Amino acid sequence: MSSSAIAPARADASASERDIHVQFRDVNHVYPARAGHEAVHALGPIDLALQRGEFLSIIGPSGCGKTTLLEVLAGLVTPTSGAVEIDGRAVQGAVPDGVGVVFQEDASFPWLTVADNIAFSLKRAGMEKAEIATRVDYAIGLMGLTRFRKAYPSQLSGGMRQRVCIARTLVTRPKLILLDEPFGALDQQTRLIMGEELLKLWRETGATVMLITHSLDEAALLADHVAVMSARPGHFIEVIATGWPRDRDSRLASTPEFGALTSRLWALLRDESIKAMGPT
Amino acid sequence: MTRARILQWAIVLGAFGLLEALCRFRIITPFTMIPPSEMVVSLIRIARTQSWFAEDTLYSLRNLMVAVVIAVFGGYLAGLVVHALPRLRACLDPLFSSYYSVPTFILYPLFIVLFGIGPMSLIVMGSVFGVVAMISATLTALDRIPRVLVKVARIEKLGPLRTIALIKLPAAAPHLFTGLKLAVAYCIIGVIAGEFILATAGIGRRLSLSYNNFDNATMYGVLLLILAFAASVNGALNVWERRIHRRWFR
Amino acid sequence: MTARGRMLDYALLGLALYAGWWALATMVGTDALTPPNRTLERAGELLSTASFWRHTRATGTAFAWACLLSLAGGLLIGLAVGLSRLATEVGEPLIGTLYTIPKITLYPVVLLAFGLGLSAKIAFGVLHGIFPVILLTIGAIRNTKQVYLKSARVMKLTRTQTALHVLAPAIVPEIVTGLRIGFSSALLGTLVAELFASEEGLGFILIRAMEANRVTDVMALAFLLFAFAAGVGGVLLAVERRFHHG
């Protein structure tokens, strides 16, 4: 790869610059005091604008409020102060339309087969059976679950269950995809391949993606921008443009530019991680 | 058959064999207990010759079934309500946990006053005794639903009723099953205890009648029937439960 | 929640129960269902009679024995079965069946075997109390994470060290639950035995009052028993919570 690829220069940059999909304005979240616990200022202040079709990854030390940030955007948590907008409409404690979320924990339904798990949202939406079947088949193939379509989650490994959850989210074709360490349970090889599949889907659908991860490599490899968060209360220290081309894949990881980027991310993150581990 | 299965049968048959021998050799006198083989013979004889047998058995069985239905569904609904009100739950927890240390059927005379001598009192007795097991199991089951599944329900924009039907009920099912098993066991105790104390019909009443009449043959025949019935219901529920568990957790 | 808030909630619940009871009594007639104030009054009178305390002592003696035998016996059998994988596989379903059969139907057998008196009550109490203790002890051992035991092996602990420093602390919370349930079940068993098979004890005066249709006495005795059980149940539950969190 040539060094020019590093410069944040997408062909359509100027056109999409104003097409803001997601906007955080001075968002803070404080978990109130409970019996035996003091109030925790978990997050903020967060200011962020995500363009439509952008792929943002977020890294940060443990407990810095990454998950809270994602749940605020998903409408699962109402922030203590500040405003979050999707397409200019405020997210106020209700889940916005067109948002898909993949959680960190295993959220597959143990009482449904793999195929029924993946079809769950589509059936709720009252979609035609034929269309459901097409989409589910496609997702099952994509996630490498063909042999397991009639299996129950308990018969699958943790990584395969997470793939079921990813498929269940992606078949709805969300315009905004939120992923909270979705590949945490996967081994390194599967992670890389799943990352490539995610990139492919992202290119095909033009969705906006926000990926939370604890893997520097994953963050650097997949995203247009990598946001680095501070220790609690989490805010962005820096947002770095990766400058990768849209049709990137995991082979990028062997380039010197990739090494330079991950070194820079680690330099930013190291101090914060030590802070997060130390006495509070 | 696995080694464990063979050993289980060996233990059960051995226990009955030992009991049989102890009775036959008059180490246990027939005034205390008749040999198990004679219990079986007696039960068959009763079933064939006594007109009360089918009547009393069906009477108890019908009351029991109604009581179980009320206890299980009522307990589940009450559990949902109490789970939604944590302050109420904090107050009720000690009551629930000590409920089964007191024979609730001492309140049976009260039910007779309220509902008369008849099936209604026995049904209420059984369900009152069984319902708390179901409430407790529902609370535990709801506690154990992974929170991420409730988040998924919110992302899917399911309303409260659909969240219960599509997420909370199936997710809680394995633990609810434990409640179902206990509720059935306690309903049996409640109905039979009621029949011991005061009833116009029923298999429990027949048991206490034959005890009072020193009719050991009838008494042990009936006792065998009740115990075999309870054990088979429990066994069947166990098989069903294990099947669900296997599907859910490995 | 604060302790004061908790007390307020208890007071509100108590008030609601009192009001419901009173309303029900008014509805069905005070002869059929004694209203709460009369019941409490009668309970107070009972507490000041010598015969009540004599019967309480009789119940207490039987219960103490039943409880002791259930807990100690249940723990020993539970440990013996639980520590062998084969014994667990064979024994657990059998003991589970014994736990769920309606033991109340066995009262004539216990009576025929032990006669009226203390031993019948203890036997019936143990019959109720011992199985839950065994089952929860077996369950506690089975649910111990294998990685703890592997760690113990890697640290080259002896069997005794493993039992004392790894297995015991790991299973204590569930054992405490077992003891609580064993305690309640043994109390139930003892009282049931007194109802049907004894000549003294709280269960005995209760069934006498019931047969003579002395409703107020039945209500007062039931109230005292429930209050005692709920009080002890609350204390045991608090102890158990401490174990589960700490």
Side-chain angles (χ1 to χ4, degrees), chain B residues 2-5 7-8 10-12 28 31-33 86-88 90-110 113-114 181-182 184-186 188-189 192-193 196-198 204 207-208 210-211 216 219-220 222-223 226-227 230-231 233-235 237-238, chain C residues 1 5-6 9-10 12-14 24 28-29 32-33 86 89-91 93-94 96-97 99-109 111-113 180-181 183-188 191-192 195-196 203 206-207 210 213 215 218-219 221-222 225-226 228-238:
Chain B
T2 62
R3 194 155 64 117
R5 255 303 139 72
L7 277 170
Q8 272 168 10
I11 290 174
V12 171
I28 299 175
F31 302 110
T32 305
M33 188 183 279
R87 283 174 63 186
L88 177 64
C91 293
L92 293 178
D93 263 345
L95 285 181
F96 289 156
S97 73
S98 51
Y99 188 77
Y100 288 111
S101 49
V102 175
T104 314
F105 35 83
I106 51 182
L107 294 178
Y108 181 64
L110 173 65
V113 171
L114 291 173
K181 261 168 48 181
L182 283 176
V184 171
Y186 280 119
I188 295 179
I189 296 177
I192 297 217
F196 278 172
I197 294 170
L198 193 59
L207 184 67
S208 65
S210 49
Y211 168 72
N216 268 11
M219 188 190 98
Y220 275 107
V222 171
L223 185 62
I226 298 175
L227 295 187
V233 169
N234 185 55
L237 289 174
N238 269 336
Chain C
M1 186 174 333
R6 178 67 56 82
D9 285 354
Y10 277 128
L12 284 174
L13 182 71
L24 193 65
V28 301
L33 176 63
L86 180 66
E89 209 184 326
V90 173
L94 294 177
T97 306
Y99 175 49
T100 49
I101 58 171
K103 283 170 283 289
I104 189 165
T105 53
L106 295 177
Y107 93 88
V109 182
L111 262 182
L112 291 171
R180 178 174 64 77
I181 295 174
F183 175 92
S184 332
S185 308
L187 181 57
L188 176 71
L191 289 172
V192 170
L195 285 179
F196 297 115
L206 191 61
I207 197 103
M210 206 156 92
N213 206 20
V215 180
V218 173
M219 299 291 293
L221 283 166
L225 278 176
F226 270 117
F228 171 73
V232 176
V235 170
L236 290 175
L237 209 60

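Chain A is the first sequence line, chain B the second, and so forth, proteins listed ahead of strands; every chain is numbered from 1. What's counted below: heavy atoms across the whole structure, side chains too, no hydrogens, waters or symmetry copies. Please read these numbers as outputs of a predicted model, since none were measured by experiment.
Interface residue Val109(C): backbone and side-chain heavy atoms are both found under 4.5 Å from chain B. In this structure, chain B has no heavy atom under 4.5 Å from any part of Phe183(C). Of the two parts of Ile28(B), neither the backbone nor the side chain holds a non-hydrogen atom closer than 4.5 Å to a non-hydrogen atom of chain C. Of the atoms belonging to Phe31(B), it is backbone heavy atoms, and not side-chain ones, that fall under 4.5 Å from chain C. Residue contact with chain B, scored on non-hydrogen atoms closer than 4.5 Å, involves the side chain of Leu206(C) exclusively. Of the two parts of Leu7(B), the backbone and the side chain both hold a non-hydrogen atom closer than 4.5 Å to a non-hydrogen atom of chain C. Within the 4.5 angstrom heavy-atom criterion, atoms from both the backbone and the side chain of Ile104(C) approach chain B. Only the side chain of Leu195(C) comes within less than 4.5 Å of a heavy atom in chain B; its backbone stays farther off.
The greatest number of non-hydrogen atom pairs below 4.5 Å with chain B, out of Ile181(C), Leu94(C), Ile207(C), is found for Leu94(C). Highest contact tally toward chain B, considering only Thr105(C), Val192(C), Leu191(C), is held by Thr105(C) [criterion: heavy-atom pairs under 4.5 Å]. For chain C, the option among Ser97(B), Ala185(B), Ala230(B) with the highest count of heavy-atom pairs below 4.5 Å is Ser97(B). Heavy-atom pairs under 4.5 Å with chain B were tallied for Arg180(C), Met210(C), Met219(C), Lys103(C); the largest tally goes to Met210(C). When Tyr100(B), Tyr186(B), Tyr99(B) are compared by the number of non-hydrogen pairs under 4.5 Å with chain C, Tyr100(B) comes out ahead. Of the listed residues (Val215(C), Thr100(C), Ile101(C), Thr97(C)), the one with the most heavy-atom contacts under 4.5 Å to chain B is Thr100(C). Residue with the most contacts toward chain C among Asp93(B), Ile188(B), Val12(B): Asp93(B) (heavy-atom pairs, distance under 4.5 Å).
Taking 4.5 Å as the limit, every side-chain heavy atom of Asp9(C) sits out of range of all side-chain heavy atoms of Leu13(C). Residues Leu223(B) and Met33(B) are not in side-chain contact: their nearest non-hydrogen atoms beyond the backbone lie 4.5 Å or more apart. Residues Leu221(C) and Leu225(C) fail the side-chain proximity criterion, which asks for heavy atoms closer than 4.5 Å. The closest side-chain heavy-atom distance from Val90(C) to Arg3(B) is not below 4.5 Å.
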